[in-house]
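Working notes, structure below.
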Amino acid sequence: MVKKKQDVIIVGAGAAGLMLAARLAEGGQSVTILEAGAERQLGDLVSSQIWARKLKWAEPAVSESGDHKIGHAFNAGSGTGGSAIHHYGVWLRMHEGDFSLHKDHGVGLNWPLGYADLTPHYDRVQAEVGLSGDAEQERWRPPGAPYPMPPLPLFAQARVLAKGFENTARHTSPLPLAINSEPYQGRKSCQYDGWCDAGCPTGALGNPLVTWLPRALAAGVHIEHNARVSRVIRSAANPSHIESVEYLQRGIRKTLSAARIIIAAFTVQSVRILLSSATAQHGAPGNHSDKLGRYLMTHPAATVFGLFEEETYPHQGVSAGQLLSHDEYDDKAAAGGFGSSQWMIGHAIKPHDLLGYGTGRPDISGPELEPWLKRAARHLGNMTLVCEDIALPENRITLSDKVDSDGIPYAHTHHDLAPNAAARWTQRMAEGEEIMRAAGAQEVWSGPRIGMHIMGGAVMGDDPAQSVTDRNGRVHETDNLYVAGPALFPSSGAVNPTFTLSALASHQAEHLLATP
Amino acid sequence: MPDNVTRRGLITSTLITGSFLVLGERLTLTPAEATELGFTSDVLSREQLNAIETVAEHIVPGSHRAGIAAYIDSQLNAGENSLLIGKYLGVDTSGQIAFYENLADNLVAALKTEQSVQEIVGALWGDALGTWEGPPSSYMLFVLRADALDVTYGTPEGFEALGIPYMAHIMPETPW
């Protein structure tokens with residue numbers, strides 16, 4: 001079955017896909033989104049860490065190898081809103097030096113864009129989504145418009161942990177968040193109940209269900225859910241032109257044509273779709289120089305915990321944390337390793353689930369467990385380190401030998417952490433334990449190193465021999481195939497990626513609307 | 001935000017339930033209720049579930065009464081919709097039945113020896129049980145402990161036991 005041609009097909013209804021859909025449809029273009037997962041509404045966002053697993057990517061599974069795995073099942077989402085439906089709302093700008101890593105330090109890759117190119121888009125997006133923060137206290141912040149809302153209030157845990165930074169001559173500022181500290185554009189302010197990871201149903205956290213989706217639907221965007229894209233298909237007459245998208249929906253194989261096709265299916269699935277589109281006559285789109293799938297990145301991260309005499313009430317606040325520290329962020333070449341790093345301080349936390357304080361202490365069990373959990377529930381402090389990952393060609397997404405019941409290949413990811421990035425992580429974790437003790441913690445411990453966020457694989461660049469897409473996300477050697485989202489990132493910085501991928505999508509939307 | 005979505009206004013039930021077979025009838029019950037009523041397992045054998053219950057109760061007291069066996073069995077029956085924490089820990093939903101069968105069979109064999117449960121659990125954390133087959137026992141026990149924490153403390157009742165206000169925006173009310 002071949003349906004009528006659209007102006008644009010977007011694969012993936014996540015943060016990038018829904019934003020592009022809204023902007024392009026508001027600009028007069030007809031847009032259809034193909035979303036692999038289920039339709040989700042605010043009422044589906046049940047306050048339970050166990051329930052929240054429904055929001056994560058399940059099947060087809062992504063197999064992983066390497067010494068620093070990307071944690072796809074935890075980081076990736078499925079359904080309307082994509083991964084951003086369960087994101088914590090930490091919206092930080094990448095720093096100017098994050099865009100020129102190879103030029104400045106001879107490692108990793110450069111972006112084809114600079115911070116100045118994205119500044120107007122950061123500013124525009126933050127006004128549309130609504131960010132809370134204090135630009136003046138955030139002494140490390142790159143230039144840009146002040147936040148449209150004041151910062152969220154501080155709770156007991158943050159006040160206790162801030163002392164550790166003060167006592168070690170470090171600085172903190174309110175953590176900038178896409179969470180309403182006051183009513184904003186018809187959305188209510190946060191209630192600080194710490195259920196962000198399960199998805200915020202009140203509309204206080206700017207997930208795509210309350211930001212881009214209403215605008216997209218009002219502008220006429222059509223969304224097909226449970227539509228799993230298998231590949232894109234080249235025109236027989238003009239192989240540089242991508243004619244249609246093939247997808248499976250309720251067991252039926254369908255195709256849909258459009259003048260432009262944008263793959264915004266998060267990092268791994270975007271690359272999987274492109275790799276799966278190779279034919280006997282033509283290689284996979286974007287793989288002309290064997291770069292497709294390479295430079296996969298994930299931030300090395302871990303949490304430091306402490307138990308205090310003071311009551312910290314760590315259930316209060318938001319999952320993301322309350323304070324930020326970017327001291328030494330811009331000194332990537334500082335002794336001890338390589339790369340930027342940041343602390344997110346004072347997360348609202350639960351006793352169970354992957355990041356829960358009970359789960360992370362397997363040494364405590366039996367009759368000691370419940371008294372310890374009760375103590376932690378009132379006296380725990382925690383903060384998370386995020387370090388920079390360096391883009392390496394060996395870290396890559398490939399197709400697995402396994403196929404699902406519909407014949408769609410699974411993806412496989414391999415990721416090792418560069419030794420100098422690993423050294424930076426080790427260095428900063430040791431500092432984190434010192435900070436926790438300086439805050440007065442009587443007992444300090446650290447969680448394991450995990451992969452946080454997933455980026456790269458379809459990196460952008462000006463040189464087709466070194467990249468998959470151009471600066472606008474158009475796949476090299478194609479006329480009309482684009483990639484959006486964090487797959488485009490040539491470097492990771494050490495900041496959470498949602499703000500930057502949104503600014504980048506805004507930049508892409510401007511280009512697409514200006515280029516008939 | 002829809003008018004019908006408010007935190008406290010949407011609290012209609014504190015029950016977190018699953019579908020369980022009890023005396024030939026399929027009922028919607030909490031894992032604790034299913035355990036109390038003597039549910040009939042769908043995936044694992046009673047002997048396997050007993051072994052899981054015994055070890056889980058030793059490391060997370062209260063998990064037996066909270067329904068750890070019923071919880072795991074019902075989630076294994078959910079296929080790719082399983083919400084067991086294993087999906088975050090390298091146990092894909094497609095491989096979960098094999099994982100828990102392997103875990104349970106190892107525990108059944110260990111519990112038939114002369115060793116106490118405490119001695120067995122100590123050996124499992126140290127990967128020192130000679131008869132163990134499959135993935136490292138410390139890893140499998142970590143997964144089981146996380147499941148036991150989920151079912152014991154990951155609910156409104158579990159939060160209450162720890163003195164934490166649950167403060168749901170939307171309270172879980174339909175089957176896992």
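Below, read A as the first sequence line, B as the second, and so on, with proteins coming before strands; counting in each chain starts at 1. All figures in this text were calculated on a predicted structure; none of them were measured in a lab.
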Quiz prompt | Partner of A:Val318 under side chain to side chain contact (heavy atoms under 4.5 Å, CB included), chosen from A:Tyr88, A:Tyr192, A:Phe155 | solution = A:Tyr192
Quiz item: Does A:Lys350 count as lying over the ring of A:Trp195, i.e. NZ or CZ under 6.0 Å from the six-ring centre, within 45 degrees of the axis?
Solution: yes
Quiz item: chain B: which of A:Glu370, A:Glu64, A:Gln41 shares the most heavy-atom pairs with it under 4.5 Å?
Solution: A:Glu370
Quiz item: Given a strict heavy-atom distance threshold of 4.5 Å, which part of B:Phe142 is in contact with chain A: side chain, backbone, both, or neither?
Solution: side chain
Quiz item: A:Leu369 versus chain B, heavy atoms under 4.5 Å apart: side chain, backbone, both or neither?
Solution: side chain
Quiz item: Counting heavy-atom pairs under 4.5 Å to chain B, which of A:Ala52, A:Ala376, A:Ala377, A:Gly366 comes out on top?
Solution: A:Gly366
Quiz item: Taking the side chain from B:Gln115 and the backbone from B:Ala110, do they hold a donor-acceptor pair closer than 3.5 Å?
Solution: no
Quiz item: If you count heavy-atom pairs under 4.5 Å with chain B, which of A:Ser365, A:Pro362, A:Pro214 comes out on top?
Solution: A:Pro362
Quiz prompt | Proximity breakdown for A:Lys69 and chain B, heavy-atom pairs closer than 4.5 Å | solution = neither
Exercise. Can you measure from OG1 (A:Thr211) to CZ (A:Arg187) and round to the nearest 0.5 angstrom?
Key: 7.0 Å
Quiz item: With a 4.5 angstrom heavy-atom cut-off, which part of B:Ile85 approaches chain A: side chain, backbone, both or neither?
Solution: both
Self-check item: Derivation and outcome, side-chain hydrogen bond (donor to acceptor under 3.5 Å, both in side chains), residues A:Asn180 and A:Gln185
Solution: CA-CA 10 Å; A:Asn180 293 353; A:Gln185 295 184 352; over 6 Å; no
Self-check item: side chain to side chain donor-acceptor pair (under 3.5 Å), paired with B:Asn50, selected from B:Glu47, B:Gln48, B:Arg46
Solution: B:Arg46
Exercise. Among B:Ile59, B:Ile164, B:Leu84, single out the residue with the greatest number of heavy-atom pairs under 4.5 Å to chain A.
Key: B:Ile59
Practice problem: Output the option from A:His315, A:Gln49, A:Arg378, A:Gln316 having the highest count of non-hydrogen pairs under 4.5 Å with chain B. | Solution: A:His315
Exercise. Select one option (side chain, backbone, both, neither) describing which atoms of B:Leu141 are under 4.5 Å from chain A's heavy atoms.
Key: neither
Quiz prompt | Residue part contacting chain B, namely of A:Leu45, when any heavy atom lies under 4.5 Å | solution = backbone
Quiz item: Can you check ring pair (Phe, Tyr, Trp, His ring centres under 6.0 Å) on A:Phe305 and A:Tyr357, steps first, answer last?
Solution: CA-CA 8 Å; A:Phe305 300 88; A:Tyr357 46 84; 7.9 Å; no
Practice problem: Considering only heavy atoms and a distance below 4.5 Å, find which of B:Ala146, B:Ser138, B:Ala161, B:Ala148 pairs most often with chain A. | Solution: B:Ala161
Quiz item: Between A:Arg361 and A:Glu368, is there a side-chain N and carboxylate O pair less than 4.0 Å apart?
Solution: no
